[in-house]
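Numbered from 1 within each chain, the chains take letters A, B, ... in sequence-line order. Note that the structure is a prediction, hence the values are computed from the model and not measured.
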There are 2 protein chains.
Amino acid sequence: MNQVKQTKRTTIYDLAELAGTSASAVSAVLSGNWKKRRISSQLAEKIMRIAEEQGYALNMQASLLRREKSHIIGMIVPKYDNRYFGSIVELFEDMARARGLFPIITCTRRDPQLEVEAARTMLSYQVECLIATGATDPDRITEMCAAAGVRSLNLDLPGALAPSVISDNFAGARELTRRILKNSEQRLGKMEPLLFIGGRGSDHNTAERIRGFREAHADLGVAVHEENILACGYAPEKAEKALDERALGGNALPKGMFVNSTISLEGVMRWIRRSDHLDDRSLVLGCFDWDPFVTLLGNGIEMVRQDVPGMLNKVFELIESGANKPVVIQVPPLIPEAQEA
Amino acid sequence: MNQVKQTKRTTIYDLAELAGTSASAVSAVLSGNWKKRRISSQLAEKIMRIAEEQGYALNMQASLLRREKSHIIGMIVPKYDNRYFGSIVELFEDMARARGLFPIITCTRRDPQLEVEAARTMLSYQVECLIATGATDPDRITEMCAAAGVRSLNLDLPGALAPSVISDNFAGARELTRRILKNSEQRLGKMEPLLFIGGRGSDHNTAERIRGFREAHADLGVAVHEENILACGYAPEKAEKALDERALGGNALPKGMFVNSTISLEGVMRWIRRSDHLDDRSLVLGCFDWDPFVTLLGNGIEMVRQDVPGMLNKVFELIESGANKPVVIQVPPLIPEAQEA
DNA sequence: CAACCTTGCTCAATCGATGAAGCAAGAATT
DNA sequence: AATTCTTGCTTCATCGATTGAGCAAGGTTG
């Protein structure tokens, strides 16, 4: 009926007794350096067989306590609700494992308090390196890590105290804006200033994208008014609300929009649907981030796809080089050809 | 005396020396049970002040080695590339933390080998409980956990050896199919058998959904031919390829499709675009899974949204109740009203 | 045949935190 | 005055794996 409750887990001492040898020999065999420890292959095989039979699993806590390196690498990430962060996390895990590291990831929901707690917890787990992805206060995290003698890196959003790998937001936004303006000219016959919507005015990426947005307008000789910049936050509801408010403002909404993330695009699309513009071919959109279904939305929405493999390659290069200086490495994003539906 | 050596991390022994007391007192104070250990509040305050000054961080490995409970809860998850798994992971982390547990999540890419390795690693980290989400071989994982005396649960896909929390795939698929057939009747004037595409014929969810798919056809008196069931796998390319092959088969493709995941829907939509059916209003689609942009795709695609909070509530109920019997708990999915574009 | 390797192992200290047991000094009770 | 109780600490074993040091047995060399 009832399962026999296994009170204690198998340890190397149990295996040693079963094999009629010492814990030391078992450890040497199971950690793979039995040749260096001059254990005979007979004994090694016997130990490995018994370990297998007993379903032995290493106690990492004990192992890590003794060793000097934990081989644990931590990452904090704001959300899992879009393709950008999803692919960062998936590829990060993969690349970490390929390098013999154990990745620990935690989601901090863009909450500064949670970020700090998560960082503290990761330090307790003896991470060797902590990647702060899209952190609201990356420098705080770098300071905490530094105090514990742990390396840290920033990804997606830069910090002033540790190396940062980010997209080239300025160039990406400039090109995206240029494309939206061109599309707008093609569809409406003339170029009109676009609306910038989404993101936080206080974050570096949004600021740089706004700079690129302005620059592209200037390049093409189009003036942008200040009220066309709505850095209203990332959540879909915020974009929706910002558009509502802007629409109430009196003067007509621009026909073209630069949307600062797929998450904000969700809100924008909801607003568009509500206001019966969904099939309005004169609406010209672009989005700084990529999602497979957006391609299929049929409005010929331009997208910028951030180069996640490129960014993570840089991250691991930095880790392996041991660099600690607060450089900012900008990785050019990819801008696929938008396909007209 | 003061911190100059950044090579070693501060331990309770360092703090003890600085405070002129014992490591034991430091441990008692910092672990919060100094009242039970009868430490004076004067000494407690002093120790806490010094710990703060030194930026002390607990060594979790040492702490966990000594304690009997790790408070670590593990989850393996197949992918991060869709909203369903994304929200599972995000909410799981949240609920785990709310219960004082430390969540560790790892992505196994639907790879049985990786699943086993991930499970072994999690056991090494002394997880108290392991949630196998959408595992290809859940029973293998349950066996590994049982051998280590660790609890395990299945989520999304059921196993025979541990409690499982899954969607009511049969009922969800039946209702989804019914809706697609009704839409099909409305748009085409008649009901024709649908195409089922995506998923693995070998997995329980796909099998149950196919059963619901057939049942709904039977309910409405529509016959489905075997060749209308294409359980071609989850990847977008597989769905795309399966449609290509099916289209080459000679007889015309059905106008209505039941797509078994958003990931498969990506492939289906790509195929539709390629074959110039994108604006074909006679195409009637439904998808077992939810994505915000799919709502906006404009084909009036019906969706089933799996009840992630409901499922995770059940998961934590099971954990807290200590149940170990291999029951299967089916959580009804939500079927929002599809909005016609 | 003594000195010296080599092989194949074991012993014991160690990592840092924890907590049961114990101890010294003062307070309270008999 | 002798005993017991209380307070506020310290001591030490422990968790499981790792690893430098060491040891015994057999082989090789001078």
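- The distance between atom CD1 of B/Ile47 and atom P of D/dG8, rounded to the nearest whole Å, is 14 Å.
- Under the 3.5 Å distance criterion, with hydrogens and angles disregarded, a donor-acceptor pair is assigned to the side chains of B/Asp203 and B/Tyr234.
- For B/Arg49 and B/Glu45, the salt-bridge test fails: no basic side-chain N is under 4.0 Å from an acidic carboxylate O.
- A cation-pi arrangement, defined by a distance under 6.0 Å to the six-membered ring centre and an angle within 45 degrees of its axis, is absent between B/Arg97 and B/Phe102.
- Outside the 6.0 Å centre-distance limit, the rings of A/Tyr80 and A/Phe85 are not counted as a close aromatic pair.
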What string of B, S and - do you get for nucleotides 4-10 of chain C, 5' to 3', when a contact is any protein heavy atom under 4.0 Å?
---BBBB
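- Protein atom CG of A/Leu64 is 16 Å distant from nucleotide atom P of C/dC15, rounded to whole Å.
- Looking at heavy atoms from C-beta onward, A/Leu155 lies in side-chain contact with A/Met311 at the 4.5 angstrom threshold.
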Are any protein N/O atoms closer than 3.5 Å to N/O atoms in nucleotides 13-17 of chain D? If there are, list each pair with its distance.
{"residue": "D/dT14", "atom": "O2", "partner": "B/Arg66", "partner atom": "NE", "Å": "2.9"}
{"residue": "D/dG16", "atom": "N2", "partner": "A/Ala62", "partner atom": "O", "Å": "3.1"}
{"residue": "D/dA17", "atom": "OP1", "partner": "A/Tyr56", "partner atom": "OH", "Å": "2.3"}
{"residue": "D/dA17", "atom": "OP1", "partner": "A/Asn59", "partner atom": "N", "Å": "3.4"}
{"residue": "D/dA17", "atom": "OP2", "partner": "A/Ile12", "partner atom": "N", "Å": "2.6"}
{"residue": "D/dA17", "atom": "N7", "partner": "A/Tyr13", "partner atom": "OH", "Å": "2.9"}
{"residue": "D/dA17", "atom": "N6", "partner": "A/Tyr13", "partner atom": "OH", "Å": "3.4"}

Hey, can you pull the donor-acceptor pairs under 3.5 Å for the side chains in residues 14-21 of chain A, sequence neighbours left out?
{"residue": "A/Asp14", "atom": "OD2", "partner": "A/Thr11", "partner atom": "N", "Å": "2.9"}

I'd like a table of atom pairs between the protein and nucleotides 25-29 of chain C - only N or O on both sides, under 3.5 Å - with the distance next to each one.
none

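- The salt bridge (Lys or Arg N to Asp or Glu O under 4.0 Å) contacts involving residues 111-135 of chain B comprise B/Lys69-B/Glu128, where partners must be two or more places apart or lie in separate chains.
- Donor-acceptor pairing under 3.5 Å is recorded for the side chains of A/Ser167 and A/Gln306.
- Judged as a side-chain hydrogen bond (donor to acceptor under 3.5 Å, both in side chains), and not counting sequence neighbours, the contacts of A/Ser24 are A/Arg37.
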Which is it for A/Ser164 and A/Val328 under the side chain to side chain contact (heavy atoms under 4.5 Å, CB included) test, yes or no, and what are the steps along the way?
CA-CA 5 Å; A/Ser164 305; A/Val328 175; 4.3 Å; yes
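- Nucleotide D/dT7 holds its C1' atom 15 Å from the NZ atom of B/Lys35, rounded to whole Å.
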